[in-house]
Amino acid sequence: MKQFNDENFLLQTPTAERLYHDYAEHLPIIDYHCHLIPEYVASDHKFENLSKIWLEGDHYKWRAMRTNGVDERYITGKDTTDWEKFEKWAETVPYTMRNPLYHWTHLELKTAFGVDRLLNPSTAKEIYEKCSAMLQEPSHSARGLMLHYNVETVCTTDDPVDTLEYHLKVKNDGFKVKMLPTWRPDKAMAVEDPVAYRKYIDLLSSVSGVAINNFADVIAALQVRHDFFESVGCRLSDHGIEEFYADDYTPEEIETIFKKVYGGTELTQAEISKFKTAMMIEFAIMDHDSGWTQQFHYGAIRNNNSRMMTQLGPDTGFDSIGDFTVAKKMSRFLDMLASRDKLTKTIIYNLNPRDNELVATMLGNFQDGRYGAGKIQFGSGWWFLDQKDGMEKQMNALSVLGLLSRFVGMLTDSRSFLSYPRHEYFRRTLCNLVGNDIENGLLPASEIDFIGREIISKIAYGNAKEYFKF
């Protein structure tokens, strides 16, 4: 019987063990999409206790606690202590078995704090006190944890109006880990709320120094900010969308729509779709001309619980997988760019696993050898799918319908400085998947060195290094 969370955790065969320990385990981490707070890296933030670093903002854990019957005051409440919140989390953990939270929890305890004990009510106090004490040491500050996990590069998620002052500070400090911004212009096309949109456009005008009176001015202002992001090291954009937009439009139509929404008038659904199409095309052209990679995270239904949205706001654990029909619009959007020769390197992340084969086949329609291997990428299992089952299904679809060997691998998509073991989790899962194929005669055992060197290590690190050229 294999032991839980030992050195061969998730590795079911000797071949899988060899692939992981010899070719993947010690590679640096390129975390090319995350939601870390840049200020924390710039200030080398120290977390007051384990609850602060582990529970604040973690809607994965919040969802599990709610499902386990924990009262909201012990999750997001202001009248409970950090210890009381942690105690309720410790009570929940034993009931998360077979949920990835159980694996992540114990991987993080082990790799960050050297804690091999299972977290439960009887061990909670000891673990909390030990880890909270370690968090006061330089080795466990924000920067200390990044160094501890051998992080080479992180790409945060940033609005075009952001000053990027913290990225500049980290660079000027000479910190070993590169912290680069990522261009996330979702608010620049969020025309569903005319009041909020005008406020954002006015802020964009102020920050860019471009007077905005028409749609062309909006694009000019965004280009100014795009150029600024590039000067600070940005090489990626990211777009959080429900679905792709690919409507026909004319410049005159977009100008009319802009003036309408900027004037405070609500748009029709048809107008919203046309405007979002135009914005996405403009963003994609900027990225192409700068040699950036564009990322699309699609498929979430957000803020499902209106009462809790009013009470707590967005990103608090009330989002879910959507069932949008996307193939035709995704294809047409990519073709609108390819037909102009403006399709840059692209990563597509689906949230509904039913779309795995759809995305994997779509990639092949737009690959282009001029850009090197794997121009169009199938992003790693995202959000609800960044666990063993979801990652295996994504990699299996990519393997049979594309080239797994050219995959740029894992990212944390996390706000936590304790989430880097997700890279280890992914690497173990990858090595187990390929190792099982070798053990079962589906891949030649005689090629294990090639597989380890040219496939495993490159998916874990090398492909991302080459693809993004940080």
Side-chain angles (χ1 to χ4, degrees), residues 34-37 39-40 43 45-109 112-113 115 117-136 140-142 145 157 196 240 300-322 351 383-384 386-387 412-419 421-422:
C34 72
H35 297 274
L36 292 180
I37 299 173
E39 182 180 3
Y40 281 7
S43 66
H45 183 78
K46 284 188 178 180
F47 295 88
E48 184 180 341
N49 54 55
L50 186 54
S51 186
K52 292 289 188 186
I53 194 172
W54 229 14
L55 297 180
E56 286 194 354
D58 193 335
H59 50 82
Y60 287 84
K61 294 185 178 76
W62 293 355
R63 286 169 69 94
M65 292 167 76
R66 290 174 186 132
T67 303
N68 202 47
V70 176
D71 189 280
E72 190 67 30
R73 64 190 294 261
Y74 294 101
I75 301 172
T76 59
K78 304 297 184 184
D79 63 338
T80 47
T81 66
D82 292 336
W83 161 247
E84 288 173 321
K85 290 182 172 70
F86 184 83
E87 190 175 28
K88 292 297 182 182
W89 168 237
E91 292 173 5
T92 299
V93 167
Y95 297 95
T96 65
M97 288 188 182
R98 303 206 81 238
N99 183 294
L101 283 166
Y102 194 80
H103 286 172
W104 294 342
T105 293
H106 292 99
L107 272 174
E108 290 170 22
L109 285 174
F113 303 104
V115 173
R117 302 188 69 186
L118 299 180
L119 178 59
N120 55 49
S122 67
T123 62
K125 192 68 173 178
E126 178 186 344
I127 289 174
Y128 184 81
E129 291 178 349
K130 175 178 178 174
C131 296
S132 295
M134 291 180 70
L135 286 168
Q136 308 316 304
H140 286 70
S141 64
L145 286 167
T157 306
I301 299 181
R302 298 176 186 272
N303 309 316
N304 292 268
N305 189 324
S306 58
R307 181 179 67 85
M308 296 306 290
M309 171 61 180
T310 301
Q311 180 178 327
L312 299 176
D315 302 320
T316 51
F318 300 96
D319 306 326
S320 63
I321 292 172
L351 195 56
W383 200 341
F384 295 108
D386 63 352
Q387 27 71 16
T412 63
D413 189 34
S414 175
R415 293 164 175 79
S416 175
F417 289 86
L418 290 180
S419 288
R422 293 186 190 182

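What's counted below: heavy atoms across the whole structure, side chains too, no hydrogens, waters or symmetry copies.
For Ser320 against Leu351, the heavy-atom pair with the smallest separation is O-CD2, 4.0 Å. Closest approach of Thr316 to Trp62, counting heavy atoms only: O-CE3, 3.4 Å. The minimum heavy-atom distance between Arg117 and His106, with the atom names listed, is O-CD2, 3.8 Å. Considering every non-hydrogen atom in both Ile301 and Gly322, the closest pair reads CG1-CA, 3.6 Å. Heavy-atom minimum distance, Tyr102 versus Val93: CD1-O, 3.4 Å. Ala300 and Trp383 get closest at one heavy-atom pair: CB-CZ3, 3.6 Å.
Remark: side-chain polar atoms of His140 are paired, donor with acceptor, to backbone N or O of Ala112 under 3.5 angstrom. Thr157 contributes a side-chain N or O that, together with a main-chain N or O of Cys34, makes up a donor-acceptor pair within less than 3.5 Å. Using a distance-only test at 3.5 Å, with no hydrogens or angles considered, a donor-acceptor pair links the side chain of Ser132 to the main chain of Leu50. At distances below 3.5 Å, at least one donor-acceptor pair connects side-chain atoms of Gln136 with backbone N or O atoms of Glu48.
Contact annotation: the side chain of Glu108 approaches that of Trp54 to within less than 4.5 Å [non-hydrogen atoms, C-beta and beyond]. Residues Asp319 and Asn303 form a side-chain contact, since some pair of their non-hydrogen atoms from C-beta on lies under 4.5 Å apart. Using a 4.5 Å heavy-atom threshold, the side chains of Thr76 and Arg66 count as touching. For the pair Tyr128/Ser51, a side-chain contact is recorded, criterion being any heavy-atom separation below 4.5 Å from C-beta on. Using a 4.5 Å heavy-atom threshold, the side chains of Asp315 and Arg302 count as touching. Looking at heavy atoms from C-beta onward, Thr105 lies out of side-chain contact with Thr96 at the 4.5 angstrom threshold. At least one side-chain heavy atom of Leu418 sits less than 4.5 Å from a side-chain heavy atom of Phe113. Inter-residue side-chain proximity for Lys130 and Val115 is flagged as met; some heavy-atom pair is nearer than 4.5 Å.
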Would you sort out whether Asp58 and Arg415 count as a side chain to side chain contact (heavy atoms under 4.5 Å, CB included), showing the intermediate values?
CA-CA 8 Å; Asp58 193 335; Arg415 293 164 175 79; over 6 Å; no
Using the side chain to side chain contact (heavy atoms under 4.5 Å, CB included) rule, take Leu119 and Phe86 through it: C-alpha gap first, then chi angles, then the decisive distance, then the call.
CA-CA 11 Å; Leu119 178 59; Phe86 184 83; 4.0 Å; yes
For a side chain to side chain contact (heavy atoms under 4.5 Å, CB included) check, start with the C-alpha distance between Leu101 and Thr92, then their side-chain angles and the critical distance, and finish with the verdict.
CA-CA 10 Å; Leu101 283 166; Thr92 299; over 6 Å; no
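Rounded to the nearest 0.5 angstrom, Arg307 CZ and Gln311 CD are separated by 6.0 Å. Taking CG of Leu118 as the reference point, atom CE of Met97 lies at 7.0 Å (rounded to 0.5 Å). Residue Leu145 holds its CG atom at 11.5 Å from NZ of Lys46, rounded to the nearest 0.5 Å. Between the CG atom in Leu107 and the CZ atom in Arg422 there is a gap of 11.0 Å [rounded to 0.5 Å]. The distance from atom CZ of Phe318 to atom CE of Met309, rounded to the nearest 0.5 Å, is 11.0 Å. For the atom pair Met134 CE and Glu129 CD, the distance stands at 14.5 Å (nearest 0.5 Å).
For Tyr40, the side-chain hydrogen bond (donor to acceptor under 3.5 Å, both in side chains) criterion is met by no residue, not counting sequence neighbours. When the side-chain hydrogen bond (donor to acceptor under 3.5 Å, both in side chains) test is applied to Ser414, the partners found at least two apart in sequence or on another chain are Ser419.
Residue pairs meeting the side chain to side chain donor-acceptor pair (under 3.5 Å) criterion with at least one partner in residues 77-89, sequence neighbours excluded, are Asn49-Asp82, Arg73-Asp79, Thr80-Lys85, Thr81-Glu84.
Relative to the ring axis of Phe384, Arg63 does not place its NZ or CZ within 45° and under 6.0 Å from the centre.
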